[in-house]
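These notes are about the structure you will find just below.
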Amino acid sequence: MSQPSSPAAATLPATSAAASVAASIPSYLQADNLGPWGIYLQQVDRVVPYLGPLARWAETLRRPKRALIVDVPIQLDNGTVAHFEGYRVQHNTSRGPGKGGVRFHQDVTLSEVMALSAWMSIKNAAVNVPFGGAKGGIRVNPKTLSLGELERMTRRYTSEIGIIIGPTKDIPAPDVNTNEQIMAWMMDTYSMNEGATATGVVTGKPVDLGGSLGRRDATGRGVFTVGVEAARHIGLDIATARVTVQGFGNVGGVAARLFAQAGARVVAVQDHGGTIYRESGLDVPSLLAHVAAVGTVTGFTQAEVLPNDQFWDVDCDILIPAALEQQITELNAGRIKARMIIEGANGPTTPAADDILHDRNVLVLPDVIANAGGVTVSYFEWVQDFSSFFWTEDEINQRLTRIMKEAFAAVWQLAADRKVSLRTAAFIVGCTRVLQAREMRGLYP
Ligand code: GLU
């Protein structure tokens, strides 16, 4: 499929000459770095020309409905008190309660959480689950905390945001560095404060506490599903494809496993510890076991070590960024060999990189569709919690696959009809649904 640029793309400023001078400085340290919220705003600017009369509501997309900053004090094991900064942002609730994960990371900022909450609004609308968009986070490196400190921080944070979350208001879930145990503590803290067990206040819980079968693998499974669909459209054979993956957590690890099971060769993996490479394909099950034991891909003996920057030069057909935002920028987009990029992470590609990839005919499956499998099964979990009736894993996976395929097909068709990128098409679908709901509900009071 060809991807002519949108009319809006042509009006964006060209990459500045200073960028080439500063080519050795990481993008996120450059003065003109947009930051995640700036990137999101550019993505909105690109979609507005396609929204027709709904464009009069577009300012709604540029303003989070509500943003809460909380102080999270905890007693450390050594008796001192530490303070962390936490956030919960509800970007939009026109289509339903806020929904989105909670991230524990040392680089979390309000700008980042705002962008992540907005991407949740678009994502939930693009796959048509009845949620608005929200996100939370704490600026902390959780690896520096003991288990007890992690629990106390999670509980205090949950209490602090308790005034705006709830099963019908805003439902958190796992994201970077948060997991089933953290969701169990969040559910328990909220329930204790309310005086009644409220399993539906978070998703991604342990299965024995109202969690859903299939939730753990759901994001990676969704990445795989849309990857297979897109590969079919561009005549790429998954069984012989070479795949590179950045981030080997819940998203990248599962996606790598499913691609390898389908016959693909996972030739390079990068995570926070470093980059490993194996021309003939990494043994993914062994690598998963290694990461479960030591916490990073480095030290895996059946692979070569690559300098981190060389990850972007690895010869491959499919690249799966499944870590953090702003990884594919104007500085490395020209070097990427893949025919297709599947965005397992949220916001991994900057608008400038999008333009370079588009010119080079690299197909980008945007985050708001590609990684929507997680929140889709979160929706199933929330429905199961309300009815206290639980589905089989087969039922979950079948429903997930159907939703992902339908959402992908609709976006693919729209991209072809309107001659826009898949990102702009996904934003047209998502923003149209959000703004239609906004308009139908009207302004009150
Ligand atoms: N954190 C995931 C995401 O970015 C899942 C959110 C959820 O399940 O609510 O989509």
Side-chain angles (χ1 to χ4, degrees), residues 36-37 39-41 43-44 47 60-68 86-105 108-137 161 164-176 178 183 186 200-204 215 218-219 222-223 250-251 322 324-325 343-349 366-382 403-404 407 411 423 426-435 437-438:
W37 181 249
I39 288 172
Y40 164 74
L41 290 179
Q43 293 169 342
V44 170
V47 75
T60 296
L61 301 168
R62 299 191 180 100
R63 292 164 188 270
K65 173 184 173 62
R66 186 181 283 137
L68 180 64
Y87 311 94
R88 185 73 188 171
V89 178
Q90 296 167 351
H91 172 260
N92 189 280
T93 56
S94 295
R95 301 183 67 258
K99 184 88 192 81
V102 171
R103 173 174 297 198
F104 291 171
H105 194 275
V108 164
T109 61
L110 180 59
S111 156
E112 183 192 36
V113 179
M114 282 164 57
L116 292 165
S117 71
W119 284 320
M120 288 309 302
S121 298
I122 313 295
K123 185 190 307 186
N124 292 334
V127 292
N128 211 4
V129 293
F131 291 129
K135 201 85 175 197
I161 65 166
I164 60 167
I165 64 169
T168 59
K169 291 159 95 179
D170 178 5
I171 305 113
D175 195 77
V176 174
T178 54
M183 294 307 114
M186 290 188 75
V201 67
V202 293
T203 57
R215 175 63 185 84
T219 312
V223 164
N250 187 44
V251 182
L324 297 169
E325 307 90 75
E343 294 186 336
N346 293 306
T349 311
D367 47 7
V368 292
I369 288 287
N371 70 32
V375 75
T376 300
V377 176
S378 278
Y379 166 53
F380 300 159
E381 179 172 333
W382 183 72
I403 288 182
M404 296 301 293
V411 166
R423 189 181 317 280
F427 266 64
I428 295 174
V429 173
C431 294
T432 299
R433 288 195 177 126
V434 170
L435 298 184
R438 184 83 197 78

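No hydrogens, no waters, no symmetry mates; every other heavy atom, side chains included, goes into these values. The model shown is predicted, which means the values in this text are computed figures rather than measured ones.
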Within a radius of less than 6.0 Å around NZ of Lys65, do more than 12 heavy atoms belonging to other residues, nucleotides or ligands occur? no
Is any side-chain heavy atom of His105 closer than 4.5 Å to one of Asp175? no
Does a donor on one side chain and an acceptor on the other come within less than 3.5 Å for Asn124 and Arg433? no
Within the 4.5 Å heavy-atom criterion, are Ile171 and Phe131 side-chain neighbours or not? yes
Partner of Ile165 under side chain to side chain contact (heavy atoms under 4.5 Å, CB included), chosen from Leu68, Val202, Val102, Val201: Val201
Would you say Gln90's side chain and Ile164's backbone share a donor-acceptor pair under 3.5 angstrom? yes
Any donor-acceptor N/O pair, Arg215 side chain to Gly374 backbone, under 3.5 Å: yes
Do Thr203 and Lys99 have a side chain donor and acceptor closer than 3.5 Å? yes
Looking at Gly137 and Val113, what are the two nearest heavy atoms and their distance? N-CG2, 4.4 Å
Point-to-point distance, once rounded to the nearest 0.5 Å, from CD1 of Ile369 to NZ of Lys123: 10.5 Å
Heavy-atom nearest pair, Gly200 first then Trp382, reads O-CD1, 3.6 Å
Between Thr178 and Arg103, is any side-chain donor less than 3.5 angstrom from a side-chain acceptor? no
Do you know which two heavy atoms are closest between Phe427 and Gln43, and how far apart they sit? CZ-OE1, 3.3 Å
Heavy-atom donor-acceptor pair, Glu112 side chain to Pro36 backbone, under 3.5 Å: no
Arg95 vs Pro130 side-chain heavy atoms within contact, under 4.5 Å: no
For a 4.5 angstrom cut-off between non-hydrogen side-chain atoms, does His91 reach Ile122? no
dist Leu435:CG -> Leu61:CG (nearest 0.5 Å) comes out at 4.5 Å
Under a 4.5 Å cut-off applied to non-hydrogen side-chain atoms, are Pro348 and Asp367 in contact? yes
If you compare all heavy atoms of Ser121 against all heavy atoms of Val434, which two are closest, and at what distance to 0.1 Å? O-CG2, 3.9 Å
Once you round to the nearest 0.5 Å, how far does CZ of Arg438 lie from CG of Asn92? 7.5 Å
Examine distances only and state if a side-chain atom of Trp119 and a backbone atom of Gly133 form a donor-acceptor pair shorter than 3.5 Å. no
Would Asn346 and Tyr40 count as a side chain to side chain contact (heavy atoms under 4.5 Å, CB included) here? Give the steps. CA-CA 11 Å; Asn346 293 306; Tyr40 164 74; over 6 Å; no
Evaluate the side chain to side chain contact (heavy atoms under 4.5 Å, CB included) criterion for residues Thr93 and Arg66: first the C-alpha distance (whole Å), next the side-chain angles of each, then the deciding distance (0.1 Å), finally the verdict. CA-CA 10 Å; Thr93 56; Arg66 186 181 283 137; 5.8 Å; no
Testing the basics here: between Val251 and Ala322, what is the closest heavy-atom pair and its distance to 0.1 Å? CG1-CB, 4.0 Å
So how far is it from Ile403 CD1 to Asn128 CG, rounded to the nearest 0.5 Å? 8.5 Å
Closest non-hydrogen contact found for Ala125 with Gly430 is CB-O, 3.4 Å
Please check if atom CZ in Arg63 has more than 12 non-hydrogen atoms from other residues, nucleotides or ligands closer than 6.0 Å. no
